[in-house]
Amino acid sequence: MSRYDPRVIEQKWQLAWEDAGIFKARHDPARPKYYVLEMFPYPSGRIHMGHVRNYTMGDMVARYRKACGYNVLHPMGWDAFGLPAENAAMEKGVQPGAWTYQNIDAMRAQMKPLGLSIDWSREFATCDPEYYGRQQALFLDMLDAGLVTRKSAQVNWDPVDMTVLANEQVVDGRGWRSGAVVERRELVQWFFRITDMADDLLAAIDGLDAWPEKVRTMQRNWIGKSRGLQFAFETKGAPEGFERLEVFTTRPDTLMGASFAAIAPEHPLAKALASDPKVAAFIAECRQSGTSEEEIETAPKIGLDTGIRVTHPFDPTWELPVWIANFILMDYGTGAIFGCPAHDQRDLDFARKYGLPVEDVFTAKGSDVRVGTEAFVPPKTEPVEYVRPLGEGGVMTGEAAVEAAIDLCEAKGIGSGVVRYRLRDWGVSRQRYWGCPIPVIHCPTCGVVQEKRENLPVRLPDDVSFEKPGNPLEHHPTWSKTTCPTCGGPARRETDTMDTFVDSSWYYARFTAPHAEGPTDLAEAGYWMNVDQYIGGVEHAILHLLYSRFFARAMVKTGHLPASAGEPFNALFTQGMVTHETYSTAGADGRPVWREPSEVIHDEAGAHLADGTPVEVGPSTKMSKSKKNVVDPADIIAHYGADTARWFVLSDSPPDRDVEWTASGAEAASKHLGRVWRLAHEASTAAGGDGDAEPLLRAAHRAIRDVTADIEGFAFNKAIARIYELTAAISRAESAPAEDRRFALRTLAQLVAPMTPHLAEDVWALVGGEGLVAAAPWPVVDPAMLAEAAVTLPVQVNGKRRAEITVPAGSDAATVEALVLQDPAVQRALDGKTPRRVIVVPDRIVNVVV
RNA sequence: GCGGACGUGGCGGAACGGUAGACGCAGCGGACUUAAAAUCCGCGUCUUUCGGGAGUGUGGGUUCGAUUCCCACCGUCCGCACCA
């Protein structure tokens with residue numbers, strides 16, 4: 001007998017789809033469009049299970065929407081600039097471009113067998129000059145629109161390699177190659193002025209109702225809008241020009257608890273004091289750390305008393321010392337604060353370390369407990385008792401006290417209420433080769449000059465050397481030498497390239513017209529934008545999504561997108577990771593040696609290698625090369641077929657949670673698909689059958705209803721559970737008329753077409769479906785087949801289940817109550833007591849309260 | 001350190017505030033087979049004196065009723081601006 005052979009059918013149907021050209025997206029104003037997009041991959045050279053999960057989910061949505069009658073756009077491309085290509089160049093001596101394009105070819109070849117409904121004619125890579133040239137045009141338009149600026153910013157500097165390091169390249173405070181202690185250094189850089197849009201980016205989050213709430217919360221917190229007081233201390237003993245020290249605080253209500261003022265090591269006042277060797281040494285010490293906020297926040301708090309004093313604005317006789325402290329960020333507020341140790345943990349730690357006073361400003365209502373080693377920081381909405389108030393005091397919330405403090409200070413002429421954001425401008429300069437060149441020229445006479453638009457793209461040279469550390473574009477003998485577009489004199493090209501986040505901030509728009517002359521084609525963008533469903537990892541919840549939202553607004557402002565596309569992603573779904581158990585054996589030095597899953601044998605003796613060495617089975621973690629707990633999709637597809645891989649990554653776990661890859665799970669998925677195929681094969685030639693068709697037909701319609709709802713709700717694991725039930729029902733209905741079984745199998749084929757499309761086509765063809773199931777409409781549910789005549793209600797007595805009764809659906813409360821009280825099991829549970837209340841939830845439950 | 005999420009049988013998970021454990025895996029029992037594989041059917045939280053009792057990370061609270069809502073704690077994961 002024939003059997004399910006994925007190798008044969010998967011290739012067959014992929015060819016059939018290609019011949020029919022059914023996944024090519026065509027602009028058709030007469031039809032409603034639907035744009036499905038998965039976050040495009042970095043071309044590492046191998047696809048991994050995370051990709052399979054991401055693209056299978058996107059394909060699920062794309063194929064489902066197509067069946068529902070939408071004109072679907074489902075493109076794919078490559079996020080192709082970035083550090084790994086330069087690392088490969090250093091390690092293997094290949095050019096980053098050649099390495100990247102080889103990887104793209106390899107990955108495309110691994111992706112195609114998955115049978116995704118992608119319009120490959122729209123494919124591009126961000127490292128194509130055709131793409132990055134348009135990105136340069138966008139950059140110049142943004143420059144003209146005032147959205148770009150140049151200013152100084154801090155970078156990780158490797159003093160041995162004399163080069164800028166990415167945060168990733170800083171390991172335990174040291175450069176990953178040189179091992180030198182990394183220091184912070186200032187460099188003039190290009191920035192996008194994202195903070196100009198902070199308020200709009202924040203307010204518009206309210207409208208993103210199809211985004212996960214957690215992502216919206218994270219974005220709100222990242223933007224971090226806060227109202228506070230900005231005022232100036234008068235200084236004593238400060239150098240000329242620093243008679244006043246501007247500080248910003250979100251807690252002006254704690255001003256009477258101030259015990260010191262502190263400035264960032266990069267603050268102009270600190271720099272002005274650096275002629276003092278002690279200060280200079282301290283600032284140098286503060287710089288011995290990377291730029292990441294995590295590193296700065298977790299570093300031990302250190303400070304230096306400058307000897308300068310400031311007078312308290314509410315009491316001219318009260319003086320506070322000015323410290324330089326390593327935990328003050330120059331980027332936030334004014335780079336200077338006053339410390340109130342009683343109500344801020346960092347200030348308290350600092351005060352305890354350096355013996356500064358701690359004065360409680362407020363206490364819990366009615367409590368006389370004073371701050372010890374833990375700062376008292378209740379929610380601002382909680383009423384507290386002010387014992388050192390700025391004004392009147394008494395019991396009030398922090399919120400109210402802050403507003404009162406701002407009003408009081410404004411009335412007294414001490415500063416003013418201001419709004420600040422945690423969000424910083426987006427620094428896009430990178431001192432690297434493998435990125436989009438910034439299309440400007442530095443001319444000794446004219447200054448910073450734009451490259452002429454007709455000269456775009458400014459192409460990367462393809463003959464660079466990675467022998468020396470640092471930016472190869474700077475080392476290139478000729479590339480940066482050019483003439484000034486304005487005066488014609490000799491000039492130097494900008495050698496900074498753009499952050500790769502820029503590349504991924506507008507690719508969704510380029511997909512709507514991938515070969516347009518300009519960055520976009522407004523007619524195409526107008527039809528296809530916005531992305532209706534965006535799918536990707538939660539690790540992009542903040543940066544990529546926020547930058548994309550900013551870029552879409554910038555493209556509206558520069559005329560590259562219609563006004564309606566300023567918020568580019570209508571719906572967002574964040575999927576979980578694919579994990580696997582980890583396996584290790586004991587190494588000679590006692591440290592674990594990681595083993596690949598394919599090396600490990602599981603049997604009665606436990607887990608071991610082929611030679612009998614026992615294997616330690618560790619917890620399931622994200623698949624990673626370093627722990628070797630990876631399963632190669634290519635191997636799975638070769639062994640089981642693409643449909644099994646697709647079915648597995650959709651089943652079991654909810655899509656937004658991690659899914660654990662297990663060999664037995666893959667085996668089970670494969671078995672199930674074989675069972676479906678066998679049922680179809682048997683039914684294809686079956687005749688007769690005189691049994692009752694109704695249970696089967698009811699099961700089919702229930703499945704249509706439930707699977708549809710589950711797909712709409714991104715509950716793919718539940719949709720799959722419903723498919724298992726329908727399969728069991730068909731298997732059980734051996735005696736039903738053959739044509740009814742074929743109907744049920746056609747329904748099944750339609751329902752699984754988005755999940756396992758190749759199998760679905762084969763089943764569809766076997767049981768008399770017309771044409772391709774990929775082109776067939778979504779099945780329609782018959783409400784008459786869903787109605788139930790009777791319902792079984794659980795009966796609780798005092799909240800504990802004691803009985804159940806069966807009543808006609810829709811029975812009213814009085815009828816149910818009477819029946820329940822007569823029930824012998826209920827009477828036994830009542831034990832002669834009189835019911836106080838009977839709660840009847842129609843068609844759901846009864847609770848008798850005694 | 002700061003911000004965000006998650007926690008249910010041996011395992012992955014299901015459950016508009018309404019029968020906790022759908023569906024799947026592993027396991028056990030049975031059918032078919034000379035036998036095995038494949039396939040099909042059934043059982044399945046723990047405990048019990050067989051009446052019942054306990055049970056959704058831990059401890060409290062709200063409710064006729066809590067896995068679900070509220071508070072505190074513990075653990076795990078994600079992000080922190082130059083990894084993508």
Side-chain angles (χ1 to χ4, degrees), chain A residues 3 39-42 44 79 81-84 153 155-156 164-170 189 212-215 217-222 224 290-299 301 327 331 345-346 349 422-432 499-501 503-504 537-544 546-547 574 576-577 579 619-622 651-654 656-660 662 664-665 667-669 671-672 674-675 678 715 717-718 720-725 728 731-732 792-801 803-804 828 836-839 841 844-850:
Chain A
R3 22 181 265 138
M39 291 180 185
F40 65 165
Y42 178 81
S44 62
D79 189 13
F81 276 134
L83 276 181
V155 295
N156 297 308
V164 177
L165 299 178
N167 283 337
E168 185 192 50
Q169 297 170 319
V170 179
Q189 314 244 56
E213 194 54 49
K214 62 177 172 185
V215 175
T217 306
M218 283 190 268
Q219 292 226 343
R220 282 192 192 100
N221 291 341
W222 185 260
T291 57
S292 85
E293 192 174 297
E294 184 186 5
E295 211 178 323
I296 292 167
E297 294 268 335
T298 53
K301 289 160 190 59
F327 62 96
D331 293 317
Q345 191 61 46
R346 287 180 307 183
D349 295 344
R422 205 186 76 94
L423 181 69
R424 308 199 295 254
D425 274 334
W426 174 12
V428 294
S429 286
R430 297 292 180 269
Q431 294 71 43
R432 310 192 192 294
D499 178 8
T500 56
F501 271 123
D503 313 338
S504 56
V538 73
E539 64 272 22
H540 296 293
I542 297 174
L543 294 178
H544 163 63
L546 191 62
Y547 291 153
T574 54
M577 299 178 299
T579 67
S620 204
T621 61
K622 179 178 182 172
S651 61
D652 284 353
S653 288
D656 57 348
R657 270 203 242 169
D658 294 350
V659 64
E660 184 182 10
T662 59
S664 58
E667 193 64 41
K671 277 185 190 172
H672 168 75
R675 178 159 53 238
R678 209 162 43 247
N717 56 322
K718 284 158 66 183
I720 280 191
R722 303 286 86 83
I723 297 291
Y724 274 111
E725 283 171 346
S731 170
R732 222 178 294 122
T792 300
L793 302 182
V795 181
Q796 297 179 329
V797 176
N798 282 342
K800 298 215 183 280
R801 183 178 172 278
E804 57 181 40
R828 204 176 336 117
R836 217 152 35 93
R837 242 176 105 187
V838 179
I839 295 153
V841 184
R844 291 223 65 118
I845 199 168
V846 183
N847 193 7
V848 183
V849 187
V850 183

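To find a chain, count down the sequence lines: A is the first, B the second, and so on, and within it residues start at 1. Bear in mind the structure is a predicted one, so any value in this text is a computation, not a measurement.
In summary, A:Arg220 and A:Glu213 engage in a salt bridge, as defined by a charged side-chain N under 4.0 Å from a carboxylate O.
Checking the phosphate oxygens (OP1, OP2) of B:rA15, a side-chain nitrogen or oxygen of A:Lys718 falls inside 4.0 Å. Distances shown here put every side-chain N or O of A:Arg424 at or beyond 4.0 Å from the OP1 or OP2 atom of B:rA81. Proximity of A:Asn156 to the phosphate of B:rC82: no side-chain N or O atom is located under 4.0 Å from OP1 or OP2. Contact between the side-chain N/O atoms of A:Arg675 and the OP1/OP2 oxygens of B:rC40 is found at a separation under 4.0 Å. Note on A:Arg657: a side-chain N or O is less than 4.0 Å away from OP1 or OP2 of B:rA14. Contact check, A:Thr500 against B:rA84: a side-chain N or O comes under 4.0 Å of OP1 or OP2. Phosphate proximity of B:rA14 to A:Asn717: present, with a side-chain N or O under 4.0 Å from OP1 or OP2.
Distance, A:Tyr42 OH to B:rA84 P: 8 Å, rounded to whole Å. B:rC40 atom P lies 11 Å from atom NE2 of A:His672, rounded to whole Å. Atom CZ of A:Arg732 and atom P of B:rG42 are 8 Å apart (whole Å). As rounded to whole Å, 8 Å separates atom C1' of B:rC78 from atom NZ of A:Lys214.
Counting only distance, with no hydrogens or angles, the side chain of A:Asp656 and the backbone of A:Gly576 share no donor-acceptor pair below 3.5 Å. Within the 3.5 Å criterion, the main-chain N or O of A:Asp658 finds a donor-acceptor partner in the side chain of A:Ser653.
For A:Asn167 against B:rC82, a side-chain-to-base donor-acceptor contact under 3.5 Å is absent.
Base pairing of B:rU33: no nucleotide in any strand meets the Watson-Crick or G-U wobble criterion (both distances under 3.5 Å).
The aromatic rings of A:Phe501 and A:Tyr547 sit perpendicular, their planes meeting at an angle over 60°, well past the 30° parallel limit.
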